[in-house]
Amino acid sequence: MSTESSTPQNLSTIAELSSHEGKTVLLRGWLYNLRSSGKLLFPTFRDGSGTVQGIVPKAAVSEQVFETLKNLTLESSVVVTGRVRADARAPSGFELDVEGVEVTQRIPDETPYPIQLKEAGVDFLMEHRHLWLRTPRQSAILRVRATIMRAAAEFFDTNDFIRTDPPILTPNACEGTSELFEMDYFDDGKAYLTQSGQLYIEATALALGKVYSFGPTFRAEKSKTRRHLTEFWMIEPEACYLDLDGLMSLAEGFLTHIVRRVLEAHSKDLKVIGKDVTKLEEIVAPGAFPRLSYDDAHQMLLDAHAKGLIENAHVYGDDFGSPDETYISNQFAKPVMVHRYPAEVKAFYMQPDPGDPTKALCVDVLAPEGYGEIIGGSQRVDSYDLLKSRIEAHNLPMDAFQWYLDLRKYGSVPHSGFGMGIERCVAWICGLDHVRETIPFARTLNRIYP
RNA sequence: UCCUGAGUAGCUCAAUGGCAGAGCAUUCGGCUGUUAACCGAAGGGUUGUAGGUUCGAGUCCUACCUCAGGAGCCA
């Protein structure tokens, strides 16, 4: 094995090959697949940016190069030189006439690469996630994820939100609902991994005006579905003097920006992933996201039940179940914003609707195509007395919330914020069956290896 | 926590209660345009674990383990 400190002049990535047509380039990659036809080899190389097929006629190269490639094992690392040639037979439009090859590491015959190109089961792939990442589809998903994360941060950065990341180790539950991961914290008793940075960014919002946080969050819920991870990334904006309508407009602009950025940069990746791009183009097409009150959504579900389209009749006052959310979102091409849920089924910190105090000024954004809730947000209670009585009513430890109450004691203002789970957003935009493919190493109920 | 389903070769899966099989992968051989190439050959098994029924269990019964999908809860 050798390393090169200087960058060779003709170094290229596979993604950039089209700009080097007719020239000899140097690729650093891995052997992705190898086919042969007697004295003609077809090695396919990958380098993280894409794949390209090499052509190796026995008569055109040295015997050493031909024999090396003929006996090379899959996923061995190689440095290849070759001439870029346009060819209509190639899926990408280009092929590489191989001239030379240097094997960085040859995988021994006795220990072949465990993942084959053919189908494999979920259990096997997740056990080999560290290698599964090398497949074109998984690489494409991670590239789209990176763009979504960049676009999400960029949206708030360019709209004058200050990034203020909250602590990951917290002394108590923020909402008192979800199960938390617990750990010992020296002699101070227990600490918990954060399930949301919301309460903390309310504090930084009152310091800086408009803020956001972006980081990992943890939920020890025993949820075992295609939408749940125990560790996931959340981006949360919080802004002073922002009301519920303003919050919904913010969420709409935010999602539109993300989808636009993905469409700009990833048509090739989306094709590899198998996502129907026209569905995304509808998101950025002119027209507002539909806004649906809880009451209207309830009526929609009753109508659907009457027509036999959903199994269970929705009970007024209850939260929506997963099948309910799927039905609602399927009625629209764009994400739908359901607002003003009954206060009783929502968190203690949500501001009551002045027009109907039994309702909370909150919004859930449901992604299209049945991907469910990707954003949850609300206007926050800004009255000290009301917040205190809510904490009492929810049987939450008053001591732990003293600092949070201080935010209402000293210069309280109306303010709102939401949180978006990055993995659900990636799953929706890429059209994936499960969020486990949206993050390099998914943490789920039954799996913490590798 | 509850409901449902699945565990057989390295991987994906077959096998009416009656000889343990195929494709891919691996190894060897063939092929100058293959696109998860193709053709020929070889090696490869404690059928998740423990018990039970039976002349006979991969198959039926019981318990347990593991994984998956869903419900609830959530982003």
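For the numbers below, each heavy atom of this structure counts, side chains included, while hydrogens, waters and symmetry mates do not. Please read all numbers here as calculations on a predicted model, not as lab measurements. Below, chains carry the letters A, B, ... as their sequence lines are ordered, and counting in each starts from 1.
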Practice item. Check the distance between B:A75's C1' and A:Tyr341's OH and give it to me in whole angstrom. Key: 13 Å
Check your understanding: Under the 3.5 Å rule, do the base of B:C73 and the side chain of A:Ser223 count as making a donor-acceptor pair?
Key -> yes
Review point. Taking for each residue the nucleotide of RNA chain B with the nearest heavy atom, is it A:Asp123 or A:Asp319 whose nucleotide lies nearer the 5' end?
Key: A:Asp123
Review point. Would you say A:Glu344 has more than 12 foreign heavy atoms packed within less than 6.0 Å of its CD?
Key: no
Check your understanding: To the nearest Å, how far apart are A:Tyr113 OH and B:G10 C1'?
Key -> 14 Å
Exercise for review: Please measure how far the P atom in B:G21 lies from the corresponding atom in B:G44, and state the result in whole Å.
Suggested key: 13 Å
Check your understanding: When the C1' atoms of B:U16 and B:U12 are considered, how many whole Å apart are they?
Key -> 24 Å
Point to revise | Phosphate OP1/OP2 of B:U66 contacted by A:Asn446 side-chain N/O (<4.0 Å) | key: no
Practice item. Look at the aromatic rings of A:Phe218 and A:Phe181 and report parallel, tilted or perpendicular, splitting at 30° and 60°. Key: perpendicular
Check your understanding: In residues 224-233 of chain A, what residues come within less than 4.0 Å of RNA chain B, judged by heavy atoms?
Key -> A:Lys224, A:Thr225, A:Arg226, A:Arg227, A:His228, A:Leu229, A:Phe232
Exercise for review: Flag the pair A:Arg46 and A:Glu75 as a salt bridge only when some basic side-chain nitrogen lies within less than 4.0 angstrom of an acidic carboxylate oxygen.
Suggested key: yes
Review point. Is the A:Phe254 ring parallel, tilted or perpendicular to the A:Phe418 ring (thresholds 30°, 60°)?
Key: tilted
Practice item. With C1' as the reference atom in both, quote the distance from B:G72 to B:U47 in angstrom, rounded to an integer. Key: 36 Å
Practice item. Provide the distance between the two P atoms, one in B:G5 and one in B:C60, to the nearest whole Å. Key: 13 Å
Study note, to complete from the structure: Out of B:G33, B:C74, B:A75, minimum distance to the side chain of A:Glu373 belongs to B:A75
Check your understanding: Looking at A:Thr438, A:Leu432, A:Asp433, which one forms a side-chain contact (heavy atoms from CB on, under 4.5 Å) with A:Val435?
Key -> A:Thr438
Review point. Does a side-chain N or O from A:Arg447 land closer than 4.0 Å to OP1 or OP2 of B:A68, or not?
Key: yes
Exercise for review: Going by the salt bridge (Lys or Arg N to Asp or Glu O under 4.0 Å) test, name the single residue among A:Arg424, A:Lys275, A:Lys334 that passes it with A:Glu369.
Suggested key: A:Lys275
Check your understanding: When all nucleic acid strands are considered with a 4.0 Å heavy-atom cut-off, which category describes A:Thr217: base, sugar-phosphate, or nothing?
Key -> nothing
Check your understanding: Tell me: OH of A:Tyr371 to C1' of B:C74, nearest whole Å?
Key -> 18 Å
Check your understanding: What is the nucleic acid contact for A:Leu74, judged by heavy atoms within less than 4.0 Å: base, sugar-phosphate only, or nothing?
Key -> nothing
Check your understanding: If you draw a 6.0 Å radius around CZ in A:Arg83, do more than 12 non-hydrogen atoms from other residues or ligands fall strictly inside?
Key -> no
Review point. If we take the P atom in both B:G17 and B:A50, what is their distance in whole Å?
Key: 24 Å
Exercise for review: Answer yes when A:Asp382 and A:Arg380 have at least one side-chain N-carboxylate O distance shorter than 4.0 Å, and no when they do not.
Suggested key: no
**Study point:** Option passing side-chain contact (heavy atoms from CB on, under 4.5 Å) with A:Leu96 (candidates A:Val80, A:Ile55, A:Asp87)
**Key:** A:Val80
Practice item. Please tell me which of the listed nucleotides, B:U34, B:A75, B:C24, lies nearest to the side chain of A:Arg219? Key: B:A75
Exercise for review: Evaluate whether atom NZ of A:Lys268 has more than 12 neighbouring non-hydrogen atoms of other residues, nucleotides or ligands under 6.0 angstrom away.
Suggested key: no
Practice item. Starting from C1' on B:U26, measure out to CD1 on A:Ile107 and report it in whole angstrom. Key: 13 Å
Using a cut-off of under 3.5 Å, enumerate the N/O to N/O pairs linking the protein to nucleotides 27-32 of chain B.
from: B:U27; atom 1: OP1; to: A:Asp109; atom 2: OD1; distance (Å): 3.0
from: B:C31; atom 1: N3; to: A:Gly38; atom 2: N; distance (Å): 3.1
from: B:C31; atom 1: N4; to: A:Ser36; atom 2: OG; distance (Å): 3.2
from: B:U32; atom 1: OP2; to: A:Lys39; atom 2: N; distance (Å): 3.3
from: B:U32; atom 1: O4'; to: A:Ser37; atom 2: O; distance (Å): 3.3

Check your understanding: Where the side chain of A:Gln116 is concerned, which of B:A25, B:G33, B:C74 is the nearest nucleotide?
Key -> B:A25
**Study point:** A:Arg35 CZ - B:C24 C1' separation (whole Å)
**Key:** 15 Å
Review point. Is the closest basic N to carboxylate O distance between A:Asp123 and A:Arg447 below 4.0 Å?
Key: yes
Exercise for review: Check every strand shown and say whether A:Gly321 touches a base, only sugar-phosphate, or nothing at a heavy-atom separation below 4.0 Å.
Suggested key: sugar-phosphate
Check your understanding: Between B:G33 atom C1' and A:Leu41 atom CG, what is the distance in whole Å?
Key -> 12 Å
**Study point:** Interatomic distance, A:Leu445 CG vs B:G72 P [rounded to whole Å]
**Key:** 17 Å
**Study point:** Nearest-Å distance once atom P is located in both B:C11 and B:A25
**Key:** 15 Å
Exercise for review: Please state the P separation for the pair B:U53 and B:U46 - nearest whole angstrom.
Suggested key: 26 Å
Exercise for review: Indicate, with a heavy-atom threshold strictly under 4.0 Å, whether A:His128 touches base, sugar-phosphate, or nothing.
Suggested key: nothing
Exercise for review: Let me know the distance between CG of A:Leu255 and C1' of B:A75, rounded to the nearest Å.
Suggested key: 12 Å
Point to revise | P atoms of B:C64 and B:C38, separation to the nearest Å | key: 45 Å
